[in-house]
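Have a look at the structure below before the remarks.
Counting starts at 1 for both ligands and their atoms, following the listed order. Along the sequence shown, residues carry numbers from 1.
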Amino acid sequence: MEKIIDFINVNRDRYLSELKALLAIPSISALPAHRDDVARCGEWCADELRRIGLQNVALKPTPGNPVVYGDWLGADGAPTILFYGHYDVQPVDPLGLWESPPFEATVRDGEIYARGAADDKGQIFMHMKAIEAHMKQNGRLPVNIKVILEGEEEVGSTNLDTFIGENKAALAADVVVISDSTMFARGVPSICYGLRGLVYCQIDLRGSATDLHSGSFGGAVANPAFVLAQMIAGMKDRGGHIKVPGFYDEVVPLTEAERQAWATLPFNERQYKKDFGIPKLTGETDYTTLERTWARPTLEVNGLLSGFTGDGAKTVLPAVAMAKISMRLVPNQDPDTIARRFEDYVRKIAPKTVELTVTRMHGGKPWMTAYDNPYVQAAGRAIERGFGKTPVFTREGGSIPVVSTFQEVLGVPAVLFGVALPDDNAHAPNEKLDVGYFHSGIIASALLYDEISRVAK
Ligand code: BES
Ligand code: ZN
């Protein structure tokens with residue numbers, strides 16, 4: 001491994017300049033205007049997989065964006081890794097808040113700033129370079145590897161479940177490896193053993209055929225903005241509990257062991273509030289901040305739109321109001337069941353004065369794994385060697401819908417090892433990745449393949 005680590009150290013600058021090319025492609029899956037960019041990004045990734053020595057590289061079409069596939073299966077008898085990552089990114093608005101253009105990666109104070117730097121292009125590139133280092137130095141990998149890179153993760157992985165279902169045999173593996181999560185904190189590398197799931201809905205209300213003069217009609221005609229605000233207010237009680245009937249029925253309670261383990265993590269609530277400019281924390285009573293974000297379900301308003309929002313004042317009774325609402329789910333909540341209960345509740349609390357439309361958007365199942373499996377332990381050793389520190393075990397509040405599919409459809413355990421930081425601004429302006437962690441991540445990934453090669457199948 002020395003030779004490989006030396007090679008990675010010598011190539012440090014080249015990795016950054018290559019990563020910049022990947023970050024320059026605006027592969028925003030949510031915006032139809034960027035469809036070609038997403039396709040171009042898939043091609044870039046496929047070319048890169050060929051360059052680093054993978055075989056059978058292909059863009060696999062789906063009804064949406066293609067899945068990039070590549071493999072190297074020359075390690076007879078050794079375990080097979082299924083590496084998953086995503087090459088699509090989130091939209092960049094509000095653009096005005098970026099300190100450098102989102103698709104012109106810029107290094108400042110040891111961080112590389114660009115949309116996708118942390119989520120997830122920087123982290124997939126880390127593995128590409130780890131594979132390349134093995135191939136360049138040894139002409140082979142110590143393990144078999146199948147790489148799949150998705151172009152629709154940020155829009156709910158709509159076509160990936162079908163793709164996996166249709167390619168079960170081709171995707172057979174011993175372990176799934178994913179780097180699309182964060183370390184617990186700066187200097188605290190971690191392995192993630194749980195993710196929340198998601199249900200995402202849009203609510204539209206209409207109170208009249210067109211906007212109306214609020215003087216002539218106000219008081220007699222329902223204001224959908226007001227009605228929507230009242231409906232949203234009725235979704236939680238004062239203690240932060242979600243009032244959708246049956247919402248908590250399947251929630252697996254936190255174990256005492258988890259609560260105790262999390263209490264020992266180096267989490268400083270004061271610093272957290274300071275880092276993110278939060279005046280005072282909130283949430284369900286009787287739970288800590290980590291418990292609230294990792295192990296409890298939520299209901300959030302992601303966006304609201306109604307009426308006049310420009311400069312000045314306009315006396316208008318808006319005809320329509322819209323809210324985007326999502327719920328993060330924990331084991332064993334099922335997205336379909338929760339979506340149904342939510343919709344029933346919304347219909348019940350909507351007054352007859354408005355026309356209601358509820359549209360279900362994407363979603364995903366929660367995921368959790370026991371972390372005593374040999375692959376997770378192997379990852380622990382690799383991170384320890386790469387970062388010089390023993391990793392901690394964490395759950396995350398975010399979602400990667402495909403992880404539960406891998407577990408359920410392929411029956412394969414997953415190792416989630418991320419090098420982004422919680423304040424890397426994923427999904428926000430000024431997304432970044434620590435250049436040092438990116439580099440250590442390449443070394444740790446190279447070591448991970450080595451460690452996994454020694455796990456008895
Ligand atoms: N990389 C994130 C998931 C993540 C976030 C893991 C934070 C760990 C910590 C991923 O790209 C993401 O943002 N997923 C979406 C999924 C959704 C669109 C179905 C999410 O969590 O909002
Ligand atoms: Zn991601």
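Counting only heavy atoms of the protein, atom 16 (C) of ligand 1 lies nearest to Ser399 O, 3.4 Å. Here the protein heavy atom with the shortest distance to atom 9 (C) of ligand 1 is Glu396 OE1, 3.3 Å. Atom 5 (C) of ligand 1 has as its closest protein heavy atom Gly398 CA, 3.8 Å. If you check which protein heavy atom lies closest to atom 10 (C) of ligand 1, you get Glu153 OE2, 3.2 Å. Scanning the protein heavy atoms around atom 22 (O) of ligand 1, the nearest turns out to be Arg328 NH2, 2.9 Å. In terms of protein heavy atoms, atom 6 (C) of ligand 1 is closest to Asp180 O, 3.4 Å.
Ligand 1 has a nitrogen or oxygen under 3.5 angstrom from a nitrogen or oxygen of Glu154.
Between Glu300 and Arg328, no side-chain nitrogen of the basic residue sits less than 4.0 Å from a carboxylate oxygen of the acidic one, so the salt-bridge criterion is not met. Using a 4.0 Å cut-off between charged side-chain N and carboxylate O, Glu269 and Lys273 make no salt bridge. A salt bridge does not link Asp180 to Lys121: none of the charged nitrogens lies less than 4.0 Å from a carboxylate oxygen.
Judged by the 6.0 Å and 45° rule, Lys60 forms a cation-pi pair with Tyr69.
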Could you list the donor-acceptor pairs under 3.5 angstrom formed between side-chain atoms of residues 407-426 and any protein atom two or more places apart in sequence or on another chain?
from	atom 1	to	atom 2	distance (Å)
Gln407	OE1	Trp367	NE1	2.7
Glu408	OE1	Lys365	NZ	3.0
Asp424	OD1	Lys432	NZ	3.0
Asp424	OD2	Leu421	N	2.6
Asn425	ND2	Asn430	O	2.9

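Close approach to Leu198 involves these atoms of ligand 1, each under 4.0 Å from a residue heavy atom: 17 (C), 19 (C). Close contacts between ligand 1 and His86 involve ligand atoms 11 (O) [criterion: under 4.0 Å to a heavy atom]. Using a 4.0 Å cut-off to heavy atoms of Pro401, the atoms of ligand 1 that qualify are 19 (C).
In the model, Tyr193 has no side-chain atom that pairs as donor or acceptor with a side-chain atom of Glu396 under 3.5 Å.
Here the side chain of Arg292 pairs a donor or acceptor atom with the backbone of Tyr287 at under 3.5 angstrom.
Look at Asp119 and the Zn ion (ligand 2): an N/O/S atom of the residue is under 2.8 Å from the metal. Not a single N, O or S atom of Glu154, from either the backbone or the side chain, sits less than 2.8 Å from the Zn ion (ligand 2).
Centred on the Zn ion (ligand 2), the angle running from His86 (NE2) to Asp180 (OD1) is recorded as 100°, rounding to 10°.
Taking 4.0 Å as the cut-off, Arg196 does not count as a neighbour of ligand 1 on heavy-atom distance.
Sorted by first and then second residue, the ring-ring contact (aromatic ring centres under 6.0 Å, His included) pairs involving residues 231-267 (not counting sequence neighbours) are His241-Tyr248, Trp262-Trp294, Phe267-Tyr272.
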For the pair Arg50 and Glu132, evaluate salt bridge (Lys or Arg N to Asp or Glu O under 4.0 Å) and give the outcome as yes or no after the intermediate values. CA-CA 10 Å; Arg50 278 186 209 102; Glu132 181 190 66; over 6 Å; no

